[in-house]
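Here the structure comes first, spelled out in structure tokens, and everything after it is commentary.
Residue numbers begin at 1 in each chain, while the letters A, B, ... track the order of the sequences.
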Amino acid sequence: MKDYDPVEIEKKWQERWEEEGVDRAEVDESREPFYLIFAYPGVSGFLHLGHMRCYSYTDIIARYKRMEGYNVLFPTGTHPTGNQAYSLSKHLQEGVPEKIDYMKRNGATEEDIERVKDPMELVTYFNEVYIDKYWKKFGISIDFDYFTYSTREDYKQFIKWQFRKLKERGLLTQKDYFGTECIECGPVAVDPSETDLSKGGTAEKQEYTLLKFEYNGRYITAATLRPETVFGQTNLWVDPEEEYLVAEVQGEEWILSKEAVDKLKYQKDNVKVVDSIKGEEMIGNYATAPVIHRDIIILPASFTDPNVGTGIVTSVPSDAPYDWIALRDLKKNHELLKKYTLKDKIKEVAPIPIIESKDWGINPAEKIIHEMDIVSQDDNEKLEEATQRIYKSGFHTGKMLDICEKYSGMRVQETKELVKQDMIEEGEADVMYDLSEEVICRCGAKVVVGKIPDQWFIRYSDVELSEESKRHAENMDVKPQSYADNLSDTIEWFQDRSCARRGNWMGTEFPFDEEWVIEAIADSTLYPAYYIVAKHYNEGNIKVENMNEKFFDFVYLGRGKIAEVSEDTGLHKETIEQVRSDFTYWYPLNLNLGGKEHMTVHFPPFLMNHVAILNKEDRPLGIFVNWWLVGKSGKISKSKGGAEPIPNAAEKYGVDTLRLFYAHSASPFVDKEWSEDEVFNYRKKLNSIWNKVHRMKKIDGEETSVDDYLRSRFYSLLKEVKEHMDDHELRKAASVIYYHIPSEVDWYFKRGGTNGELLNEVAVGLLKLMVPFTPHIVEELSELWGLEFIVNTRLPEIPEDAISTKAELEEEYIKEVKADIKQILEVAEVDGEHIHLYVSPGWKERALTKILENPDKGMGLMGELTRELDAPPKEISRYVQQIFKTLREKGAKGSWSVELDEYDILEMSREFFEEEFTAKVKVYGPDDVSYDPGSKASQAIPRKPAIYVE
RNA sequence: GCGGGGGUAGCCAAGCAUGGCCAAAGGCGCAGGACUUAAGAUCCUGUCACGUAGGUGUCCGAGGGUUCAAAUCCCUUCCCCCGCACCA
């Protein structure tokens, strides 16, 4: 026997599969198709072992479906759209040392690096890496004849068609959008995983209501997150030391901090600075507050921050702890009051109650400051917490008090949005966006929220589309259940989504406005439909210029007359009809697999675009979401590194080992922490199966008494595997295949099983079940039987008479007796050289039958039983009670439901017990009490023989 | 805030839908043994407590309840994690 050498085996079989073309998918009308994909990767750099988890799951399902007899289509592509590939290429051009190091670490040569400074070359380079070093290396059974990627010209034709169809359905629209952008580089995502940020990835975009206070023909502006509190305004807070600017905005003059002007410039047109004004100049004066139209006083404060909002704060001391404490401090600060001659004026400034909440009543700020014992306005941490607590309780349980004009009595929740809208309509307020913390681009410039005028959107908010999609989602096969329960809500929540950008991005030119490039989510929704066409493009049957609107209309929608389409596209009728019939054969898509990050990003628009564009019968049927592989300190990520290159890992651990690790170490639906020790453990597991299968091949003996058991168990477990696989419960299936079945084989050997024919049958059956998970080792092992390309075979059928409950229960019985003997030997202080087994007397068996037939009669059976049975009534009574107790506690034991000849079974396995316990074993028949020094025989009951050890 | 997922033995992790052979799979770790002299071995055995006879007690975040029977169902409560949009 050779040793198990994964590296050699995996290379060998991957080559042979490729030669043989076992992954090829051709239309075959006689077979049912099964079409599945995984969410193709964005071309962003090297992938890691986390990605391989999803690809492995997809492959396991693909291979299993093939072995079930389906004609499986499993294509893939890549997705370079967006700026990730582009910016990596740019960084290499610039010679950024970390990026060069990153390339080298992952096996790129100097020539490679030189080459990929051209973004298009970078895409080609990574396509090769993904295909050769990842997918092929992992034995993923993809048919690469269908390969395509989203920046190829043919793919772009498809995307343009898709957008024409969206427009046709009225699903495209234009409106202003406020998005995050670097002031140097343009749009950038603010996201913790974003590689183009050097700071502030966790920042949130916030929408402030910008309140306008009339002041000498100008407006002092103050930003707030709580517009509903305007009714409680008592004063403004201004930093006397700060130099504020006067800016012309929308024909008005606004007073605000320099920093705020800088931000506003990106959000409003023609913002011009016309003047400046020192904070202290305003102190003690009055400005007219919005909504309440009262003149409120401007007071000095030091806690205002020019970076937050406008640098000027409106004060609501009743509800804002900061304001309350600042006001109190100021009232005590005689020096300051004197300096600005506020002594008399400030007396009038007092909190005005506006909201009543369940927890805090009215004037919550004052109450919470006392309760939390906050003494200083510099105690930021406590004040922040206090603000949060009040806000939370106010938002949910608060009601507006009577002074709040038309909003009196309304809930805070509703008032908030309403007040804001009303003020904006009246021209008393505006909207300003800001980030919750400072965000800096990789280039060193600031990231701001900027206005993008006339941004294109896909109208996912469309009611009809949402409803249709939701209805379809209800009937899809979605795993896991938690996501299935959620998908409809996610679709409902899914709002209009911007679908194009300007700037340096790779992607398809927007067909209605060439300045725009379609962005990455929007061009990756309908693509499974395109693989089928891509194959024809790859084979040269169709060219880019043939792929016009009529062509796709015909192929995807069955629209148009073939003669016209042929003329319009310049393609032969047969070609077009061939593409169309391929599409109708393979579509709809059966399963789309992707990581959990896609739950609210890719899957909803994937589904909705299908619903919006394709015919009803072509809507996708299933979604499978897998969770992540994580490192010790969180997600394994491209940006943070942390994982070794995939090809190295493949050789270090073995591909089959890794695949088994993915499949078995955790449910697909939880995050799994990477653990090298665990991976090696799976290597050992495969090693032990390797050895076991060799042993099974070698042993070639006669039939034995345990054959029925092994055969029955094997097929019972096979049935279980099928059930699990039908539910995509990969882990449970793997658990049966790699643990339960081998342990049944072990038991068979232990019990003296030697039947060569049966062992061959079970071994080959086991190998077939292993194919989807660990195909390489299986091919190698199946050579022992002279089988070639076992991956192309069908799963074993379950022979009609193979499953025998009786055979299984007999062994179960032996296991129980064995466990009982063992326990006794552990506890009892005896030598244990002789073991006596007493089968329960005949009358107990008969009584049991009677009881099981009349389970409701209870002790009422006693009379009947004493009459019929030849045993002392006292013993019968005790026994019957015992049986009822067991029935009540544990239900009808399985072995009670069939007849077993216990004496026979024990006698047949006497040798086994003798070997197990190195003891002499004697079995006594039902009414044989010829030797019973321990007086144990009477304890025997059916399926539980009495035991005496000495 | 909105939406979702969890808390199971030293650790990781099944089970929970459909209550009952559940003291609770599997793995890791730990302990003991076998085998060999090398391998990241392999194979047994044990790993809640007590117990001179196959038993008993306690146990699945905490507290209550339903039931003949609860890790599983219901209520209350504490704690942890994730997604929220132009980011693939």
Side-chain angles (χ1 to χ4, degrees), chain A residues 39-44 79-85 177 179-180 187-197 201 204-205 388 391-392 395-396 413 452 455 457 460 480-483 485-486 489-490 493-501 519-522 524 594-602 604-605 627-628 638 664-667 669-673 675-678 680-685 687-688 691 731-732 735 738-740 746 812 816-817 819-830 885-895 934 936 939 944-949:
Chain A
Y40 59 9
V43 178
S44 55
H79 188 221
T81 307
N83 89 321
Q84 301 229 56
Y177 175 72
T180 47
V188 62
V190 173
D191 183 276
S193 68
E194 179 55 62
T195 45
D196 280 334
L197 296 178
E204 279 175 61
K205 187 172 80 176
Q388 287 297 325
Y391 177 73
K392 219 171 186 172
F395 184 81
H396 287 284
Q413 262 177 62
I452 302 157
Q455 167 72 51
F457 285 84
Y460 288 116
Q481 190 55 41
S482 59
Y483 186 53
D485 295 342
N486 246 309
D489 291 338
T490 310
W493 159 88
F494 215 74
Q495 292 301 306
D496 292 355
R497 213 180 157 107
S498 67
C499 60
R501 291 166 167 162
E519 68 79 55
I521 308 289
S524 57
K596 66 173 180 177
E597 70 279 17
H598 293 304
M599 288 196 287
T600 54
V601 179
H602 167 243
W627 265 235
W628 290 334
K638 292 172 261 182
H664 184 260
S665 74
S667 151
F669 316 126
V670 293
D671 285 338
K672 173 65 198 174
E673 196 174 285
S675 152
E676 191 169 82
D677 288 346
E678 230 180 295
F680 278 121
N681 199 55
Y682 284 103
R683 170 70 168 267
K684 289 176 205 163
K685 183 74 212 174
N687 211 53
S688 96
N691 294 338
R731 179 181 209 265
K732 289 179 182 172
S735 183
Y738 293 87
Y739 291 88
H740 298 182
D746 285 344
E812 213 42 57
E816 274 170 30
V817 174
D820 281 348
I821 295 173
K822 196 173 153 205
Q823 199 178 145
I824 292 166
L825 286 171
E826 267 167 26
V827 177
E829 284 181 350
V830 287
K885 186 166 175 255
T886 312
L887 275 176
R888 226 183 308 117
E889 281 170 3
K890 311 207 162 177
K893 290 175 74 176
S895 58
K936 298 287 179 187
Q939 287 180 7
K944 197 168 173 66
I947 299 164
Y948 175 64
V949 184

For atom [atom1], what is the distance between [N] and [M], given to the nearest Å?
{"N": "C16(B)", "M": "G5(B)", "atom1": "C1'", "answer": "15 Å"}
{"N": "C22(B)", "M": "C75(B)", "atom1": "C1'", "answer": "25 Å"}
{"N": "G20(B)", "M": "U72(B)", "atom1": "C1'", "answer": "11 Å"}
{"N": "A17(B)", "M": "G3(B)", "atom1": "P", "answer": "26 Å"}
{"N": "C68(B)", "M": "G19(B)", "atom1": "P", "answer": "15 Å"}
{"N": "G55(B)", "M": "A9(B)", "atom1": "P", "answer": "25 Å"}
{"N": "C43(B)", "M": "C82(B)", "atom1": "P", "answer": "39 Å"}
{"N": "U56(B)", "M": "C21(B)", "atom1": "P", "answer": "14 Å"}

Name the nucleic acid region contacted by [X], choosing base, sugar-phosphate or nothing; use a 4.0 angstrom heavy-atom cut-off, strictly under.
{"X": "V949(A)", "result": "base"}
{"X": "S667(A)", "result": "sugar-phosphate"}
{"X": "Q495(A)", "result": "base"}
{"X": "S498(A)", "result": "base"}
{"X": "A946(A)", "result": "base"}
{"X": "P945(A)", "result": "base"}
{"X": "E826(A)", "result": "nothing"}
{"X": "Y682(A)", "result": "nothing"}
{"X": "A520(A)", "result": "sugar-phosphate"}
{"X": "V43(A)", "result": "nothing"}
{"X": "E676(A)", "result": "base"}
{"X": "Y177(A)", "result": "base"}

What's the [atom1]-[atom2] distance between [X] and [N], to the nearest Å?
{"X": "D671(A)", "N": "C82(B)", "atom1": "CG", "atom2": "P", "answer": "10 Å"}
{"X": "Q939(A)", "N": "A53(B)", "atom1": "CD", "atom2": "C1'", "answer": "8 Å"}
{"X": "F680(A)", "N": "U42(B)", "atom1": "CZ", "atom2": "C1'", "answer": "17 Å"}
{"X": "D485(A)", "N": "G5(B)", "atom1": "CG", "atom2": "P", "answer": "7 Å"}
{"X": "K596(A)", "N": "C87(B)", "atom1": "NZ", "atom2": "C1'", "answer": "16 Å"}
{"X": "H740(A)", "N": "A25(B)", "atom1": "NE2", "atom2": "C1'", "answer": "6 Å"}
{"X": "H602(A)", "N": "C86(B)", "atom1": "NE2", "atom2": "P", "answer": "18 Å"}
{"X": "Y739(A)", "N": "A25(B)", "atom1": "OH", "atom2": "P", "answer": "15 Å"}

Among the candidates [options], find the nucleotide nearest to the side-chain atoms of [X].
{"X": "Q823(A)", "options": "G55(B), C21(B), G27(B)", "value": "G55(B)"}
{"X": "A828(A)", "options": "C12(B), U52(B), G26(B)", "value": "U52(B)"}
{"X": "I521(A)", "options": "G26(B), A88(B), C21(B)", "value": "A88(B)"}

query: Can K596(A) be said to sit on top of W628(A)'s aromatic six-ring, NZ or CZ under 6.0 Å from centre and within 45° of the ring axis?
result: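 Ring-cation test returns yes.
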- request: Using a 4.5 Å cut-off on heavy atoms from C-beta on, say whether the side chain of I521(A) contacts that of E519(A).
  value: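 When only atoms from C-beta onward are counted, I521(A) and E519(A) do touch, with a gap below 4.5 Å.
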Short side-chain N/O contact to [N] OP1/OP2 from [X], under 4.0 Å:
{"X": "N681(A)", "N": "C28(B)", "value": "yes"}
{"X": "K822(A)", "N": "G46(B)", "value": "yes"}
{"X": "R501(A)", "N": "C87(B)", "value": "yes"}

message: Please verify the inter-ring angle class for H79(A) with Y40(A); under 30° counts as parallel, over 60° as perpendicular, anything in between as tilted.
response: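 H79(A) vs Y40(A) ring planes: parallel.
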message: If only side-chain N and O atoms count, and only distance matters, is there a donor-acceptor pair under 3.5 Å linking Y682(A) with H664(A)?
response: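 Side-chain D/A pair, H664(A) to Y682(A): present.
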Donor-acceptor pair, side chain of Q455(A) and main chain of A500(A), under 3.5 angstrom: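 Pair found, side chain donor or acceptor close to backbone of A500(A).
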Taking all heavy atoms of [X] and all of [Y], pick out the closest pair and write down the distance.
{"X": "V601(A)", "Y": "R497(A)", "result": "CG1-NH2, 4.3 Å"}
{"X": "F457(A)", "Y": "Y177(A)", "result": "CZ-CD1, 3.6 Å"}
{"X": "D496(A)", "Y": "Y460(A)", "result": "OD1-N, 3.4 Å"}

- request: Report yes if the ring of W493(A) lies under 5.5 Å from the six-membered base ring of A85(B) with planes under 30°, and no otherwise.
  value: yes
- request: With RNA chain B as reference, determine whether N486(A) or S665(A) sits nearer its 5' end, using the nearest nucleotide of each.
  value: N486(A)
Pairing check on [N]: which nucleotide meets the Watson-Crick or G-U wobble criteria with it, both distances under 3.5 Å?
{"N": "G83(B)", "value": "C2(B)"}
{"N": "C28(B)", "value": "G10(B)"}
{"N": "G19(B)", "value": "none"}
{"N": "C35(B)", "value": "none"}

